[in-house]
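These notes concern the structure reproduced below.
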Protein chains: 2
Amino acid sequence: MRIGELANQTGLTTKAIRYYEGIGVIPNAEREPNGYRDYDGSAVDRLEFVKDAQAAGLSLGEIEQILSLKDQGESTCGHVLSLLDSHVTDIDRQLGELRHMKARIVQISTRARQMDPASCTDPIRCQTLAITS
Amino acid sequence: MRIGELANQTGLTTKAIRYYEGIGVIPNAEREPNGYRDYDGSAVDRLEFVKDAQAAGLSLGEIEQILSLKDQGESTCGHVLSLLDSHVTDIDRQLGELRHMKARIVQISTRARQMDPASCTDPIRCQTLAITS
DNA sequence: CTTGACATTCCACCTGGCTGGAAGGTTTAT
DNA sequence: ATAAACCTTCCAGCCAGGTGGAATGTCAAG
C-alpha cells in the first residue's frame, strides 16, 4: 500500500503520515524500488492507535514513548494506563481552571451591567474588567 | 518613568511591554532625548487592564481591538461585555469537550483494567485505547 | 576610567501539530 | 506523446504569547 491509500484508509493526510514518521511516532517505512513508501496493514492499526490516543488527550510525544517501548518488546499497557490516569488528573485541573475563569467573568460581567451605561464608556476608567476578589 | 520601572510596577517584563507596543496593544511610547521610552501613570492602568483582560480569557488581539476603539473615543464597555459573553460561551464549550474527553478516558481505563494483565502486553493488539462507543 | 545597570534594535527560537509550496521524479490513463 | 495524478525531499510558515541573545548606546557611581 502506498502513502495515499494509507491516508485514505486512516483519514489522515499524507503530510501528517510523513510527519509522524519524521518524529518517530511510526517507524521508517519500507520503500519500493522507486523510493515510494510501502505499507502493510499493520500501519493502519498503528495509525488508528495514534488517533485514538490523541483523542484521549495524549500528546504525540507520549504516544511515541508508548510505541517505542512496545517496539522494544516491553509490556506497555500498564504504562498506557498510568498515562491515562495522569491525564485524568490533568483534565480535572483544567476543568477547575476553566470553572474559576468562568465564575470570574460572570462576576465581572454582572457587576458591570449594574453600572449606568451612560457613565461607563471607558473600560479602563470605569474598571469594567477590574477583579475585586 | 522608564520601561524598567513600568515593568516593576506592573509585574510584566520589559520584553513583554515592548512586544505589546509592537503589536499595538499599547501605543508607541514617548521618548526621552536619548531614545529611552518614557511612560506616565496611565501606562500602568493600561497594562493592568491588559492583564485583567488576559486573566478573563481575552486574547491580545481582542484586547487591542477594545483599546483601539477606546483610543478612537468610542464607547467600549458594551463591546467588552459582549466579548465577555462570547467567552463564557466558549468556556462552556471547552468544559463540555473536557468532560466528554474525561468520560471517554475513564471508560477506556476501566475496561482495560478488567482485562488479564498477562494477556495484555501490547496496547495496539489488546486495544487498550480503542474507543467502543 | 571603568564597571555595572540600565536602555535600544533586531533576529531567532520556543511549544504542538501539523500544512503549503517549490522543484523534481514516477506511474497511469488517454 | 503527454497530461494528470501520484510520489519524493526540503524549507517555510501558521497559531499565541512571548523569551533569549547579540551588538550597541547611555548614564551614574566609585
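Protein chains get the first letters and strands the later ones, always in sequence-line order, with residue 1 at the start of each.
For A/Ile23 and C/dC18, the CD1 to C1' distance is 9 Å, given to the nearest whole Å. Nucleotide D/dA16 holds its P atom 13 Å from the CG atom of B/Asp90, rounded to whole Å. Taking atom CD of B/Gln65 as the reference point, atom P of D/dA16 lies 13 Å away to the nearest angstrom. In this structure, CG of B/Asn28 is placed 12 Å from P of C/dT8, rounded to the nearest angstrom. Distance CD (A/Glu21) to P (D/dT8): 9 Å, rounded to an integer number of Å. Atom-to-atom, CZ of A/Arg2 to P of C/dG25 comes out at 17 Å; the value is rounded to the nearest Å. Taking atom CD on B/Glu64 and atom P on D/dG17, their separation rounds to 12 Å, with Å as the unit. For the pair B/Tyr39 OH and C/dT8 C1', the computed distance is 12 Å after rounding to whole Å.
Taking 4.0 angstrom as the limit, A/Arg31 places a side-chain polar atom (N or O) nearer than this to OP1 or OP2 of D/dT9. One finds a side-chain N or O of A/Asn34 lying less than 4.0 angstrom from the OP1 or OP2 phosphate oxygen of C/dT27.
Other residues, nucleotides and ligands contribute over 12 non-hydrogen atoms within 6.0 Å of the CD atom of B/Glu97.
Residues A/Met101 and B/Val88 are members of one and the same hydrophobic cluster, defined by side-chain heavy-atom contacts under 4.5 angstrom among Ile, Leu, Val, Met, Phe, Trp and Tyr. Under the 4.5 Å side-chain heavy-atom criterion for Ile, Leu, Val, Met, Phe, Trp and Tyr, A/Met1 and A/Ile3 are members of the same hydrophobic cluster.
When side chains are defined from C-beta on, A/Arg37 counts as touching A/Arg31, because their heavy atoms get closer than 4.5 Å. Annotation: side chain of A/Gln54 is in contact with side chain of A/Ile63 (closest heavy-atom distance under 4.5 Å).
Of the possible polar contacts, none joining the A/Lys51 side chain to the A/Leu12 backbone as a donor-acceptor pair under 3.5 Å is found.
Along DNA chain C, the nucleotide nearest B/Gly4 and the nucleotide nearest A/Glu32 are compared for position; the residue whose nucleotide lies closer to the 5' end is B/Gly4. Nearest-nucleotide mapping onto DNA chain D: of B/Gln54 and A/Arg37, the residue sitting toward the 5' end is A/Arg37.
Across its full length, the helix from C/dC1-D/dG30 to C/dT30-D/dA1 shows an angle of 30° between the axes of its 5 terminal pairs at either end, rounded to 10 degrees.
Here the straight-line distance linking atom CD of A/Gln94 with atom CZ of A/Arg99 works out to 11.5 Å at 0.5 Å rounding.
Among the heavy atoms of the strands lying under 4.0 Å from A/Ile3 are primed sugar atoms or P, OP1, OP2 only; no base atom is included.
B/Arg113 and B/Ser109 share a side-chain donor-acceptor pair at under 3.5 Å.
Nearest heavy-atom pair, A/Asp38 versus A/Glu32, reported as atom, atom and distance to 0.1 Å: CB-CG, 4.0 Å.
Contacts of residues 13-20 of chain B with DNA chain D (heavy atom under 4.0 Å): B/Thr13, B/Lys15, B/Ala16, B/Tyr19, B/Tyr20.
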